[in-house]
Amino acid sequence: MPERPTLDGIEETWAGVWEAQGTYAFDRTANRADIFSIDTPPPTVSGSLHMGSAFGYVQTDSIARYQRMRGKVLFYPMGWDDNGLPTERRVQNYYGVRCDPQLPYDPTYEPPADPPKDPVSISRRNFVELCLRLTAEDEKAFEALWRRIGLSVDWAQTYTTIGPVSQRASQRAFLRNLARGEAYAQEAPTLWDVDFRTAVAQAELEDREMPGAYHRVGFTQSDGEKVYIETTRPELLPACVALVAHPDDARYQPLFGSTVTTPLFGAEVPVRAHELADPEKGSGIAMICTFGDTTDVIWWRELDLPVRSILGRDGRLLSAAPDGVAEAPYAELAGKTTKQAQKRIVEMLAESGDLVGEPRPITHPVKFFEKGDRPLEVVTSRQWYIRNGGRDAGPREELLQRGKELAWHPAHMQARYENWVSGLNGDWLISRQRFFGVPIPLWYRLDADGEPLYDDPIVPEESALPVDPSSDLPPGFTEDQRGVPGGFAGDADVMDTWATSSLTPQIAGRWEDDADLYARVFPMDLRPQGPEIIRTWLFSTVVRSHLEHGCLPWRDTAINGWVLDPDRKKMSKSKGNVVTPMPLLEEYGSDAVRYWACSGRPGTDTAVDFAQMKVGRRLATKLLNASKFALGFPEASPGPITEPVDQAMLTALSAVVAAATEAFEGYDYARALERTETFFWTFCDDYIELVKNRAYSETVEADSANRALRIALDTLLKLFAPFLPFATEEVWCWFHEGSIHRQAWPTLAEKSGNPAVLTIAGEVLGQVRKAKSAAKTSMRTGVSRLVVRDSPERLALISFAGADLVNAGVVTELVLEEGEPAVEVTLADA
RNA sequence: GGGCGUAUAGCUCAGUUGGUUAGAGCGCACGCUUCACACGCGUGAGGUCACAGGUUCGAGUCCUGUUACGCCCACCA
């Protein structure tokens, strides 16, 4: 036991010991019933570390530590989500490169030390190698943080979402979806990011309020009369295929079935009726373009309209005018971005007199890719989908049912799941026209013209997985047949990152690769995660497990809250208010930061609060000092707890153990911490103060106190261990062998005492202190006479603590007498 | 427009099936070198529990409505 205990340096010390001794190692010989398995969220390693990265993980860790002490064998892995767009974008900026899948692999390629101004084009394989190199660095930084903050994960159980294990699982699951008809490809209009040049899924969309303007434009009827529409996207006029109004709209009913002519471009388009047309919006009649937004897609499909494509995948207008559109005016727009085209066409419409009045500015919500910078466009392309109930009521109902089977903590988070599933408007688009991801594991035969035969893809054997169809060969083909008529071509797309992350329980459990392990951990016990990815990660994991295994992937899910900056604003890089954890861990200590994180109620948004961290540090320090003090008393031989004050304390502590246990069973770590902490401060301020003189006294009564102190100390350390793993371990090693984190959770069941003995003694002691405070004198000042008047029942309880009260209050004469409750304190000096 | 959540002391939050004068910590004020801790200890002042109704012997707690804030979703011409 150190002379002067300190928190300094205990993180390094104990993290090293835990690693060396395998304190948190998973025992794969344990039975399923004895295992608690956690589907840890794999953090996106290409992002910066911030407090949000620490918050939820620490809360989960407290639950993991509790379960471990309850005797469970923890399967607590860590994954790194390195797969996907964020990594690509970071690699592009970091190395100054750009992926060109057409280029051949250069095995000798090395990126320059400083990124060049103009990006260097490199092959897909070279690009992927850079992605792997950079994420390896990032993963080291994350692991260092997790170890520093004391996550009790088993570092032998790690995976990356781009690694071969994940690729194999991801491709296997996809092929099985394909075989069962759950995965399918379809040529269809889809939302498209023109910068990333990829399709995006419904789950990755977000609305942003954008400025725009209504342009009132006249179309010409057959009799020469004009009909006016209002549009925010006049540049799509050449793509117009119809006008549409609500079927009940009397203003436009006479026009239904007739045709009108588009201004400038002279295309003849029908006027149609559809329920989705809103008479209140604009002029009540809208132009349908292929495609301006998702409503256009619905109208186009349901009204069976032709296609007039004008927008390329690069976000620029195509060079050739579509059929039926006048070429001369279109030529002025070809090759322009939508923004440039809008400017020009407004000028042209103004000149021709088809634009009525000035454009009327508005702001309106526009769909963006959540990681994108420009509004999404709609382009037609061939994409892969997995059925998720977005198009079929039956599967949707099944998935809603799965959501009901899952135990949500807190329960109200289930509403977000139901909201999302009920609002799906299409299947899950999983293909991405990107590079750093798990490839779609398919090839296509090429016909005599070199066109792919999509209807009959070449499927690899599961044993061959993972495959990269852009470099691996399909069975029975040779490399010189790649890309030539009569030969084959690999599917160029990769899967959405969620298509792989949706399999984290299977990946971590080594599905099909290690049947023994898998059977011991799957389905898992707990999925902890953030609220913002219920619609993506949680839902997609349920979808994959439901389709593949016919069950839930886990029994419980714990949804953590959001971390806000100290001013209760959402943290974001763009606002520059991101708080990074490492400096805080250094300033306050890991236990203190953990204390702050575990003070946040489950599912409740919590602000970064330095004051709370300070309190946490104070608690950890107090734990060291109080423990040192209690351990400094003479050690008593085993025997009975004879004194009512000691019995009262242990009985009260038993209630705290019961409350903390019950709270943890319901995943409410915060309540467990709060109950324990409240008791601990009273224990220090009242109980220890009352008994310390007795404990030194080398009497029978001293033995009782010392036995009680040891029991209480053991118990409190264990109760705090899930929250303050470093400080509790430090204290534990002073008087025990082995790690506290492998000890059994306390089951104290002392009922012999009456907690009121301690409460009332505390009240009287408070009165004595109050008198001394009022006299502005030291607490050591003697009390010549202490009179306590109360009911006979309460006096009886106080008498049990009489000797301790006399000691703690430095009292000469204690008088107990019946009467109206009152305490009279006569100070010796007075 | 739909859904969910929150509203209690200056600040951050507890308050589990409705039960006597509503709690904690921080901050603040005033004290105290008390043999573990001055990164400490003690005492104290702070609240018409968002608002309006209702149920009840009794409401911070249950019901209805209103307001404010936050988050999620929605077909954005």
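Heavy-atom basis, side chains included; hydrogens, waters and symmetry copies ignored. Small disclaimer: the values here were computed from a predicted structure and weren't measured. By convention in this document, chain letters (A, B, ...) are assigned in the order of the sequence lines, proteins followed by strands, and residues within each chain are numbered from 1.
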Is [X] touching bases, backbone alone, or none of the nucleic acid, heavy atoms closer than 4.0 Å?
{"X": "A/Asn419", "value": "base"}
{"X": "A/Lys776", "value": "sugar-phosphate"}
{"X": "A/Arg675", "value": "base"}
{"X": "A/Val615", "value": "sugar-phosphate"}
{"X": "A/Ile298", "value": "nothing"}
{"X": "A/Gln414", "value": "nothing"}

For the [atom1] atoms, the ones on [N] and on [M], what distance do you get once it is rounded to whole angstrom?
{"N": "B/rA59", "M": "B/rG54", "atom1": "C1'", "answer": "11 Å"}
{"N": "B/rG31", "M": "B/rA36", "atom1": "P", "answer": "27 Å"}
{"N": "B/rG18", "M": "B/rC63", "atom1": "P", "answer": "11 Å"}
{"N": "B/rC49", "M": "B/rA24", "atom1": "C1'", "answer": "16 Å"}
{"N": "B/rU56", "M": "B/rA29", "atom1": "C1'", "answer": "42 Å"}
{"N": "B/rC37", "M": "B/rC51", "atom1": "P", "answer": "48 Å"}
{"N": "B/rU61", "M": "B/rC73", "atom1": "C1'", "answer": "31 Å"}
{"N": "B/rU16", "M": "B/rG60", "atom1": "C1'", "answer": "14 Å"}

- Can you check salt bridge (Lys or Arg N to Asp or Glu O under 4.0 Å) on A/Arg208 and A/Glu206, steps first, answer last? CA-CA 7 Å; A/Arg208 295 182 199 162; A/Glu206 67 182 32; 3.0 Å; yes

My understanding is that only residues two or more places apart in sequence, or in another chain, count here; which of them pass ring pair (Phe, Tyr, Trp, His ring centres under 6.0 Å) with [X]?
{"X": "A/Tyr588", "answer": "none"}
{"X": "A/Tyr252", "answer": "none"}
{"X": "A/Tyr669", "answer": "none"}

Which of the following nucleotides, [options], is nearest to the side chain of [X]?
{"X": "A/Arg416", "options": "B/rA74, B/rC71, B/rC75", "answer": "B/rC71"}
{"X": "A/Ala415", "options": "B/rA77, B/rG3, B/rC75", "answer": "B/rG3"}
{"X": "A/Arg671", "options": "B/rU16, B/rA77, B/rC71", "answer": "B/rU16"}

Do [X] side-chain atoms and [Y] backbone N/O form a donor-acceptor pair below 3.5 Å?
{"X": "A/Asn706", "Y": "A/Pro634", "value": "yes"}
{"X": "A/Lys772", "Y": "A/Met779", "value": "yes"}
{"X": "A/Asp193", "Y": "A/Gly372", "value": "no"}

- Going by a 90° cut-off around 0, is B/rG46 syn or anti? syn

- Note on the structure: Of A/Gly423 and A/Glu230, the one whose closest nucleotide on RNA chain B sits nearer the 5' end is A/Gly423

- Message: Can you confirm whether or not the ring centre of A/Trp192 sits under 6.0 Å from the ring centre of A/Phe369?
- Response: no

- Query: How about A/Trp562 and A/Phe55: are their ring centroids closer than 6.0 Å?
  - Reply: no

- What does nucleotides 34-45 of chain B look like as a protein-contact string, B for base, S for sugar-phosphate only, - for none, at under 4.0 angstrom between heavy atoms? B-BBSBSSBSS-

- Query: Between A/Glu209 and A/His364, do the side chains contain an N or O donor and an N or O acceptor separated by less than 3.5 Å?
  - Reply: no

- Between A/Thr338 and A/Glu235, a side-chain donor and acceptor under 3.5 Å: no

- For the residue pair A/Phe291 and A/Trp300, categorise the inter-ring angle as parallel (less than 30°), tilted (30 to 60°) or perpendicular (more than 60°). perpendicular

Please state how far atom [atom1] in [X] lies from atom [atom2] in [N], giving the value in whole angstrom units.
{"X": "A/Asp565", "N": "B/rC11", "atom1": "CG", "atom2": "P", "result": "17 Å"}
{"X": "A/Lys569", "N": "B/rC69", "atom1": "NZ", "atom2": "P", "result": "13 Å"}
{"X": "A/Lys281", "N": "B/rG1", "atom1": "NZ", "atom2": "P", "result": "13 Å"}
{"X": "A/Ile534", "N": "B/rC71", "atom1": "CD1", "atom2": "C1'", "result": "11 Å"}
{"X": "A/Leu538", "N": "B/rC72", "atom1": "CG", "atom2": "P", "result": "16 Å"}
{"X": "A/Trp596", "N": "B/rG25", "atom1": "CH2", "atom2": "C1'", "result": "17 Å"}
{"X": "A/Ile288", "N": "B/rC75", "atom1": "CD1", "atom2": "P", "result": "17 Å"}
{"X": "A/Glu280", "N": "B/rC75", "atom1": "CD", "atom2": "C1'", "result": "16 Å"}

- Task: Take A/Glu418 and A/Gln414, measure what side-chain hydrogen bond (donor to acceptor under 3.5 Å, both in side chains) needs, and give me the verdict at the end.
- Result: CA-CA 6 Å; A/Glu418 298 205 342; A/Gln414 195 200 333; 2.8 Å; yes

- Does A/Gln202 put a side-chain nitrogen or oxygen below 4.0 Å from OP1 or OP2 of B/rC73? no

- Note on the structure: Stems field, RNA chain B, Watson-Crick or wobble, 3.5 Å, at least 3 pairs, by first number, holds B:1-7 with B:67-73, B:10-13 with B:23-26, B:28-32 with B:40-44, B:50-54 with B:62-66

- Message: Can you pull out the residues from residues 597-613 of chain A that lie within a 4.0 Å heavy-atom distance of RNA chain B?
- Response: A/Arg601, A/Asp609, A/Ala611

- Report the C-alpha distance between A/Arg360 and A/Glu230 in whole Å, list the side-chain angles of each, state the deciding distance to 0.1 Å, and finish with yes or no for salt bridge (Lys or Arg N to Asp or Glu O under 4.0 Å). CA-CA 10 Å; A/Arg360 192 155 49 86; A/Glu230 294 199 355; 2.7 Å; yes

